[in-house]
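Encoded as structure tokens, the structure appears first; notes follow it.
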Number of protein chains: 2
Amino acid sequence: MTDKNRLDTDRVIRAPHGKTLSAKSWLTEAPLRMLMNNLDPDVAEHPQGLVVYGGIGRAARNWECYDKIVETLKRLNDDETLLVQSGKPVGVFKTHSDAPRVLIANSNLVPHWANWEHFNELDKKGLMMYGQMTAGSWIYIGSQGIVQGTYETFVEAGRQHFDGNTKGKWILTGGLGGMGGAQPLAATMAGYCMIAVECDETRIDFRIRTGYVDKKATSVDEAIAQLNEALDKGEAISIGLLGNAADVFPELHKRGIKPDLVTDQTSAHDPVNGYLPIGWTVEEWRKEAQANPERVSKEAKKSMAVQVQAMLDFYHDGIPTVDYGNNIRQMALEEGISNAFDFPGFVPAYIRPLFCRGVGPFRWAALSGDPEDIYKTDQKVKEIIADDPHLHNWLDMARERIQFQGLPARICWVGLGLRHKLGLAFNEMVRNGELKAPVVIGRDHLDSGSVASPNRETEGMMDGSDAVSDWPLLNAMLNVAGGATWVSLHHGGGVGMGFSQHSGIVICCDGSEEADKRIERVLFNDPATGVMRHADAGYDIAINCAKEQGLDLPMLNDKNS
Amino acid sequence: MTDKNRLDTDRVIRAPHGKTLSAKSWLTEAPLRMLMNNLDPDVAEHPQGLVVYGGIGRAARNWECYDKIVETLKRLNDDETLLVQSGKPVGVFKTHSDAPRVLIANSNLVPHWANWEHFNELDKKGLMMYGQMTAGSWIYIGSQGIVQGTYETFVEAGRQHFDGNTKGKWILTGGLGGMGGAQPLAATMAGYCMIAVECDETRIDFRIRTGYVDKKATSVDEAIAQLNEALDKGEAISIGLLGNAADVFPELHKRGIKPDLVTDQTSAHDPVNGYLPIGWTVEEWRKEAQANPERVSKEAKKSMAVQVQAMLDFYHDGIPTVDYGNNIRQMALEEGISNAFDFPGFVPAYIRPLFCRGVGPFRWAALSGDPEDIYKTDQKVKEIIADDPHLHNWLDMARERIQFQGLPARICWVGLGLRHKLGLAFNEMVRNGELKAPVVIGRDHLDSGSVASPNRETEGMMDGSDAVSDWPLLNAMLNVAGGATWVSLHHGGGVGMGFSQHSGIVICCDGSEEADKRIERVLFNDPATGVMRHADAGYDIAINCAKEQGLDLPMLNDKNS
Ligand SMILES: NC(=O)c1ccc[n+]([C@@H]2O[C@H](COP(=O)([O-])OP(=O)(O)OC[C@H]3O[C@@H](n4cnc5c(N)ncnc54)[C@H](O)[C@@H]3O)[C@@H](O)[C@H]2O)c1
Ligand SMILES: NC(=O)c1ccc[n+]([C@@H]2O[C@H](COP(=O)([O-])OP(=O)(O)OC[C@H]3O[C@@H](n4cnc5c(N)ncnc54)[C@H](O)[C@@H]3O)[C@@H](O)[C@H]2O)c1
């Protein structure tokens, strides 16, 4: 593998727009455009190196493979299926018109060898590629997902703790970095106020400039005054408070100030570069992180313990408190806070109840390239799901505040029973010409029935089945059987080599009646496997959802009826 | 999980015979009968505990799950698919008539947790089951496979070294145990003579009684005399020579006696219980293995080094020599024989060239239960593959010397281009009433395109891709797309947790024209993925086979034409 093969600085890829096909049908045009869209410079992090997002998550193994995938998709017939192995097009086989047009397996390794060392060796030899989740499976659509995932988390928290009424509630958090910066926008979209403690003023200013944060405060008093004013007026605003979370969290608690929800997205997972120790300036910290990493790590972890102690204090006062996937509980535990894990992670707390109903990051993209197509589908979603104000709110806010990247696309979390209805409606809109061209419907691999990942999506499953990966494999096979347009099986996305297995699907609404049938099956079955998986683990929400939706779960049917 | 749930001493399961359906169609009757057949007391090792073979390889998770699978298959419609998760029937979903009726995932664990400890924990909790290869995927058919696998190995050796003419050639080996005892029968079936050195006289006598060994010798001189007599007469006979392989192998070399092929199936992988040290009696050995295991291990390994040295001497004299998967090279290496790995393992040496042409353990079973149905298919195979004397020989010998267990079945290794022809012919025979009922066609998971197992099937791949498991996952998904009747994805079969991933298929020939189409696709594509996988790794045989069979391998097409 020469570098030239992986890095081509002359390439600028953009998916074709409009109705003209460069492949033989929309079912092959769709993966072609979505592959290209993943590498659009407005979408991908490092498109010339084929990197879409998430470190080294790629869309194709190298440029030779990319060109060959494109060439093969253009000639692929409607009874053929292309196999892609870690980003390389390895075979074309006769199947049939209701079978997927592309089957993808990325980064899968026999478990004993499933680590970064062995992966890197194979990657260097040109035998592998890191597929992440939606990079190698051609359904990444930019940063809408981060805002939206956080929004859903906050909405679900609102449902659980405030009966869905978030007005007058506020969230305390830390960190306004790459991911964490989405928190204030997601919070206000979900109707909350927020105080986000951030030690680096440039980060606050950047978030204000891009409309993600509303106000800046440089002292606790100032922040509280701004907050109270907004609460009095019934407004939902976000405040970036300059300070150290390890100072501010305990101070607020001491003063008897009571947030309605507490969390944190400092980069606590990386104690050398991710967390400012108490009493340090940001400049000192950056310098010492280079010069004296061990000292920084020691000091940072001590400070984290202080912050976690304050989080525990809030929690034991009865305030909902969660770890937002930055491992801060573990760090505090190592510093002697033996009850650090008293408060839960965000997946068991807020995402799992959604997964139990098959709710997850459903998304679609307009192959026409025309934003109007998405606006029309937004409208259709509102019609079909008329009774979900949070969803309507998300759609309005997203339209207003989030720019499209590449092909116009939309994410919204919907569950079992609704996904296939939306799919059928979109297909009808393609058929009757309301939309200018077909749309594709897909989802993240982080979804209800599609992932086994004991440190994240399947952390702390009720029955202890966190590591059982039969489920995503069944999900993938069932989606192949149902006739998704492409299906993928990946290893190591999100949490890295060795730690997850997951599957992806995309289905094309080409307006045909055959597509109706496939859409109805696939977009029902796919979230249904998630409800099944959680019902099997013993979650009541899932068992009830299965009953309501009439799922046929042989070992539970008797208990259900 | 109570024991009662897993052990039911009142159960005796046998698959129904004949034409009367207990399910709604042959496509659901087929998995029903094959599940039951896997637990037939004539087939399974420990049927009352649901164990089929290979330690704890099960057909269903427990008896409650077994009953529910049966019940569900009986009511399953022809547009529905049953999902089985580690032996438990977890869901029924709408698919379509060309989709599989059953999808199975057994024993799959996220890699970081993919070890026996975690598996055992889940197994104990009732959350998992060990599927082995054909146990949990309902296509085990008894011990024909052991004889046949060994036969194919010897035939391939004959092809490579003697242009297929094995007459007058003889094999030297050690060990006449559970597996190794198949060697003499397989050797004579393949046209060779054999001297098999075995230290335990009762084992030789047992093999003679059951027709697996022809003669016994108690000294090297006697064995050589018997051998020479047979060679003179042009006969293929096998001789069980009572002795220690670590004595006999060097002595033969010293005397200048030259076998045509050298291998060994003593249980060298287990130095305490598996290998008799030089100078010991079997009784001493058995006693000391209990009383003083470390001493036995030390002495046994020293003796193994002596045997391997003799094998190396034969090898360097130009005599083909292989390790038969008992790890004897590794043991010798640890004893200081630094060039122990000079001679290859049997997969890279003899099985891989077969895999390169998609040749593997193709098998079928008669759902009628009538042996005549198999004899008729035997005849059909001979007609269609008229020019393969080894195959004809196998079929004749198998009929004569191997008893059916459970539903009558046949194994024979055939490759890409022939499997689907046989499938179509069998389906035609069902259609026109030549056979009394449908047949199912399947294979072992140990096959050309269906397994990643770096210590066995994919040991020493040319390009170093031994551990890449994208391939079996693609194989499974493609077979789902093609419309196999059931498809399975397993982890840990053969070599244990952490060390393999593999997939299985079975397709039912119900005589219909729709089945023709599915059979043609699936039984072509399945071995074709094996040819693809080996062509991708750079094997010339596979690249040539792909060319001959007109495979469409995008990255190789240009090079091919
Ligand atoms: N599990 C998940 O799905 C998930 C999702 C999103 C984020 N996360 C985690 O959230 C964390 C944040 O991610 P990111 O991409 O925003 O990281 P980042 O490094 O870009 O941002 C971290 C921010 O925290 C600030 N900070 C550090 N120490 C501080 C302190 N003591 N007080 C106040 N501010 C402080 C930094 O200045 C920085 O702006 C990471 O640990 C990430 O893994 C997890
Ligand atoms: N990789 C594969 O696919 C594969 C296939 C078949 C067998 N094997 C290996 O072959 C070996 C044999 O398997 P098995 O089931 O027959 O085992 P087994 O233990 O039943 O038989 C081993 C036999 O070797 C005899 N023996 C031991 N030491 C001897 C000595 N020094 N000289 C002569 N005879 C000796 C024993 O008396 C016994 O009969 C195992 O290591 C097994 O793993 C591997």
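Below, read A as the first sequence line, B as the second, and so on, with proteins coming before strands; counting in each chain starts at 1. Computed from heavy atoms alone, side chains included, the values below leave out hydrogens, waters and symmetry copies.
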Show your reasoning for whether side-chain contact (heavy atoms from CB on, under 4.5 Å) applies to B:F93 and B:L83.
CA-CA 8 Å; B:F93 295 87; B:L83 304 194; 3.7 Å; yes
With side-chain contact (heavy atoms from CB on, under 4.5 Å) as the criterion, how do A:V451 and A:H445 come out once you've worked through the C-alpha distance, each side chain's angles and the decisive distance to 0.1 Å?
CA-CA 6 Å; A:V451 55; A:H445 292 202; 5.6 Å; no
Decide yes or no on side-chain hydrogen bond (donor to acceptor under 3.5 Å, both in side chains) for B:S450 and B:N475, but give the supporting numbers first.
CA-CA 6 Å; B:S450 56; B:N475 172 270; 5.3 Å; no
Yes or no on side-chain contact (heavy atoms from CB on, under 4.5 Å) for A:W486 and A:I104, after CA distance, side-chain angles and deciding distance?
CA-CA 8 Å; A:W486 63 102; A:I104 298 172; 4.0 Å; yes
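In plain terms, the two heavy atoms of A:P554 and B:V92 that are nearest each other are CG-CG2, 4.0 Å. In terms of heavy atoms, B:A542 sits closest to B:A535 at CB-N, 3.3 Å. Of all heavy-atom pairs between B:G530 and B:S448, the closest is CA-OG, 2.9 Å. Across B:W113 and A:G498, no two heavy atoms sit closer than the pair CZ3-O, 4.2 Å.
The candidate from A:S107, A:A481, A:G483, A:S500 with the greatest count of non-hydrogen atom pairs under 4.5 Å with chain B is A:A481. Ranking A:N108, A:D470, A:V110 against chain B, the residue ahead of the rest is A:D470, based on heavy-atom pairs under 4.5 Å. Residue with the most contacts toward chain A among B:T95, B:L474, B:L489: B:L474 (heavy-atom pairs, distance under 4.5 Å). When the candidates A:R75, A:E121, A:E520, A:M497 are compared by the number of heavy-atom contacts under 4.5 Å with chain B, A:R75 comes out ahead. Between chain A and the options B:V487, B:V90, B:D466, B:L478, heavy-atom pairs under 4.5 Å are most frequent for B:V90. Comparing B:H96, B:Q85, B:H491, B:K68 by heavy-atom pairs within less than 4.5 Å of chain A, the highest count is held by B:Q85. The most heavy-atom pairs under 4.5 Å with chain B, out of A:G482, A:A528, A:P100, come from A:A528. Listed options B:V84, B:L82, B:D463 were ranked by heavy-atom pairs under 4.5 angstrom with chain A; first place goes to B:D463. The choice from B:G492, B:S465, B:A467 that makes the most heavy-atom pairs within less than 4.5 Å of chain A is B:A467. No other option in A:A114, A:G91, A:C65, A:A99 has as many heavy-atom pairs under 4.5 Å with chain B as A:G91.
Under a 4.0 Å N-O distance rule, the pair A:R521/A:D516 does not qualify as a salt bridge. A salt bridge links B:D536 with A:K88; the closest basic N to acidic carboxylate O contact falls under 4.0 Å. Using a 4.0 Å cut-off between charged side-chain N and carboxylate O, B:K94 and A:D552 make no salt bridge. A salt bridge links B:D98 with B:R518: the closest approach of a Lys/Arg side-chain nitrogen to an acidic carboxylate oxygen falls below 4.0 angstrom.
Proximity to chain B is absent for every atom of A:I69, based on heavy atoms less than 4.5 angstrom apart. Proximity to chain B is absent for every atom of A:V522, based on heavy atoms less than 4.5 angstrom apart. When heavy atoms are compared at a cutoff of 4.5 Å, A:L122 approaches chain B solely by way of its side chain, counted from C-beta outward. With a 4.5 Å cut-off on non-hydrogen atoms, A:M128 touches chain B through its side chain but not through its backbone. Of the two parts of B:H490, neither the backbone nor the side chain holds a non-hydrogen atom closer than 4.5 Å to a non-hydrogen atom of chain A. Looking at A:M532, the atoms closer than 4.5 Å to chain B (heavy atoms on both sides) all sit in the side chain, from C-beta outward. Proximity to chain A (any heavy atom under 4.5 Å) is shown, for B:R101, by neither the backbone nor the side chain. Neither the backbone nor the side chain of A:N479 comes within contact range of chain B, judged by heavy atoms closer than 4.5 Å. Proximity to chain A is absent for every atom of B:N115, based on heavy atoms less than 4.5 angstrom apart. When heavy atoms are compared at a cutoff of 4.5 Å, A:K517 does not approach chain B at all. For B:T72, the part lying under 4.5 angstrom from a heavy atom of chain A is the side chain only. Proximity to chain A (any heavy atom under 4.5 Å) is shown, for B:T458, by neither the backbone nor the side chain.
Considering B:I507, B:V102, B:T485, B:L73 in turn, B:T485 is the only one that fulfils the side chain to side chain contact (heavy atoms under 4.5 Å, CB included) rule with B:L27.
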